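Here's the structure, in structure tokens; my notes come after.
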Amino acid sequence: MKALLVGEYRDGKLLGSTYELLAFARKIGAQAAMFLVGSEAALPRFDGPLYLAEAKAAGEFNPALHKQLLLQVIEQEQPELIVLAHSSYGWDLAPRLALALKCAQASEVLDYAEGAFVVPACNAKLRRTLKPASARTVVTLQAGAFSLPGEPAGTPEVKPLSIQAAAGGLEFVGYEAAQKAAVDLTRAEIIVSAGRGIGKKENVEMIAALAKALGGELGASRPVVDAEWLDHSRQVGTTGQTVAPRLYVACGISGAIQHLAGMKKSGFILAVNTDKEAPIGEVADVLVVADLKQFVPALTERVKALRGA
Ligand SMILES: Cc1cc2nc3c(=O)[nH]c(=O)nc-3n(C[C@H](O)[C@H](O)[C@H](O)COP(=O)(O)OP(=O)(O)OC[C@H]3O[C@@H](n4cnc5c(N)ncnc54)[C@H](O)[C@@H]3O)c2cc1C
């Protein structure tokens, strides 16, 4: 099987998600070629053809023009799969491509087995298996679902793409930095995070008390932020911050892949969950199967006593 991987480049840098596409291609045993609107100065490390359009000429974000360039490469390479990251770039480009190619599209792929793609359903509570009816499929990959076992290596064979004329309608103007987060969790050595399992806003205080006793920062999963129990600057995960503290305490967090992608590199992970089968157990060093309303205050008192606070 042949896969055309659509790498991502932003602000002069190749994005790490590009290597997740390579990991996916490797996992499914596909022969990989890559398309990138980027720069010679930031090439991906892999062995294979790399169709490169200069971002200076094509704009870093111009789905209409990038689609045109991609269609030329697809004509040449004839891949069965066109693979993008499930990012704002992929969300925009993938359906345009699928429509132009009149082929199937599978979004937010988590896994692949026997010609079928596994994708999340019902707000990630369930998984659905999709078997495309077309010979060619455009897929976007969920962030963090695939990773290379070691450091990427290799030298691509660069095939420059020339830009004849800009596709009308869109012009890449630039990026606008998001407002600086009120809390920088990326620097925290200890993070205690609240998940939906805390039940109600009033229980945030209980999690904050443990964070304070440990001398750490308070974090959160997305539902806690969506419910406005905590500010977005405290969200950990693919649409929040990526953290790697020495200690991460997950209170009432199930361990959805989007949360794990933001904290699985923590030094030591302690999870508190009533469900012993919760996926957080797969990355936790210790999973305490308990009601957090009993366990967390007891742990806080013990920590305070040990620290003489
Ligand atoms: C595009 C996209 C991006 C996303 N980005 C993020 C992101 O950045 N960060 C993020 O966190 N999520 C993100 N999500 C959402 C993610 O898919 C999950 O829905 C979310 O992480 C679940 O949060 P949770 O674990 O707090 O809640 P749930 O999945 O509802 O889990 C609650 C857990 O609490 C446990 N529990 C319940 N009661 C108790 C109790 N009394 N004591 C102990 N345990 C208890 C339950 O057993 C359960 O495991 C994203 C989703 C999408 C589609």
Side-chain angles (χ1 to χ4, degrees), residues 17 20 84-92 94-95 106-111 118-128 139-145 178 181 183 185-186 191-207 209-210 217-245 248-266 269-284 286-300:
S17 59
E20 297 184 14
L84 303 97
H86 195 71
S87 59
S88 48
Y89 183 67
W91 296 335
D92 205 322
S107 293
E108 218 186 341
V109 169
L110 291 159
D111 208 352
V118 181
V119 299
C122 298
N123 202 15
K125 294 282 174 229
L126 299 174
R127 289 182 176 191
R128 187 167 43 187
V139 300
T140 62
L141 304 184
Q142 190 177 83
V183 190
L185 291 181
T186 60
I191 298 174
V192 182
S193 282
R196 183 159 28 207
I198 67 166
K200 54 181 179 180
K201 187 175 182 177
E202 290 67 28
N203 287 337
V204 166
E205 204 41 58
M206 181 202 314
I207 310 300
L210 177 57
E217 279 289 354
L218 179 62
S221 69
R222 182 162 155 174
V224 169
V225 171
D226 286 350
E228 299 183 359
W229 297 349
L230 279 170
D231 184 71
H232 181 259
S233 60
R234 298 201 179 268
Q235 185 177 314
V236 173
T238 50
T239 45
Q241 299 195 47
T242 300
V243 300
Y248 189 87
V249 186
C251 305
I253 294 178
S254 60
I257 195 147
Q258 295 92 348
H259 190 82
L260 298 187
M263 47 61 78
K264 66 184 174 192
K265 294 200 175 128
S266 304
I269 299 172
L270 167 68
V272 187
N273 205 299
T274 40
D275 178 5
K276 69 175 172 27
E277 305 293 344
I280 192 86
E282 288 165 28
V283 297
V286 172
L287 170 66
V288 178
V289 181
D291 184 333
L292 65 86
K293 293 190 281 302
Q294 289 177 338
F295 183 79
V296 170
L299 180 60
T300 306

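Just so you know, ligand 1 is whichever comes first in the structure, and atom 1 is the first atom listed for that ligand. On a predicted model such as this, the values are computed, not experimentally measured, just so you know. If you read the sequence from its start, that first residue is 1, and numbering goes on from there. These values consider heavy atoms only, across backbone and side chains, with no hydrogens, waters or symmetry-generated copies.
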Checklist outcome for this item: With Ser193 as partner, the option from Val236, Ile198, Val243, Leu185 fulfilling side-chain contact (heavy atoms from CB on, under 4.5 Å) is Val236
Checklist entry - What heavy-atom pair brings Val296 and Cys251 nearest, and what distance separates the two atoms? => result CG2-SG, 4.0 Å
Next on the checklist: Donor-acceptor pair, distance only, cut-off 3.5 Å: does the side chain of Thr140 make one with the backbone of Glu108?
Outcome noted: yes
Next on the checklist: Out of Pro223, Ser221, Gly197, who is nearest to atom 20 (C) of ligand 1 when you count heavy atoms only?
Outcome noted: Pro223
Checklist entry - Distance-only, no hydrogens or angles: does the His232 side chain make a donor-acceptor pair with backbone N or O of Thr239 under 3.5 Å? => result yes
Checklist entry - Relative to the heavy atoms of Ala256, which atoms of ligand 1 are at a distance of less than 4.0 Å? => result 16 (C), 17 (O), 18 (C), 21 (O)
Item to check | Atom indices of ligand 1, in the order listed, that fall short of 4.0 Å to a heavy atom of Gly195 | outcome: 26 (O)
Checklist entry - Any N/O of Asp291 closer than 3.5 Å to an N/O of ligand 1? => result yes
Item to check | Ser87 (side chain) donor-acceptor with Gly90 (main chain) under 3.5 angstrom | outcome: yes
Checklist entry - Near Asp275, which atoms of ligand 1 are under 4.0 Å from a heavy atom of that residue? => result 47 (O)
Checklist entry - What part of Cys251 sits under 4.0 Å from ligand 1 if we count only heavy atoms: the side chain, the backbone, both or neither? => result neither
Checklist entry - Hey, is Pro120 one of the residues with a heavy atom under 4.0 angstrom from ligand 1? => result no
Checklist entry - Counting each atom of ligand 1 from 1 as listed, which ones have a heavy atom of Gly237 under 4.0 Å away? => result 7 (C), 8 (O), 9 (N)
Checklist entry - By number and element, which atoms of ligand 1 are closer than 4.0 Å to a non-hydrogen atom of Gly240? => result 8 (O)
Checklist entry - So, does Gln241 use its side chain to make a donor-acceptor pair with the main chain of Val183 at under 3.5 Å? => result yes
Checklist entry - Should the pair His86 and Trp91 be assigned to parallel (<30°), tilted (30 to 60°) or perpendicular (>60°) ring geometry? => result perpendicular
Item to check | Electrostatic pair Arg234:Glu217 at N-O distance under 4.0 angstrom | outcome: yes
Checklist entry - Which of the atoms in ligand 1, numbered in the order shown and given with their element, are less than 4.0 Å from a heavy-atom of Lys293? => result 41 (N)
Checklist entry - What are the two closest non-hydrogen atoms of Ala250 and Ile280, and how far apart are they? => result CB-CD1, 4.1 Å
Next on the checklist: Looking at non-hydrogen atoms alone, which of Glu108, His232, Gln258, Arg196 comes nearest to atom 14 (N) of ligand 1?
Outcome noted: Gln258
Item to check | Numbered atoms of ligand 1 (with element) below 4.0 Å of Thr239, judged on heavy atoms | outcome: 3 (C), 4 (C), 5 (N), 6 (C), 7 (C), 8 (O)
Checklist outcome for this item: Atoms of ligand 1 under 4.0 Å from any heavy atom of Val236, numbered from 1 in the order shown, are 7 (C), 8 (O), 9 (N), 10 (C), 11 (O)
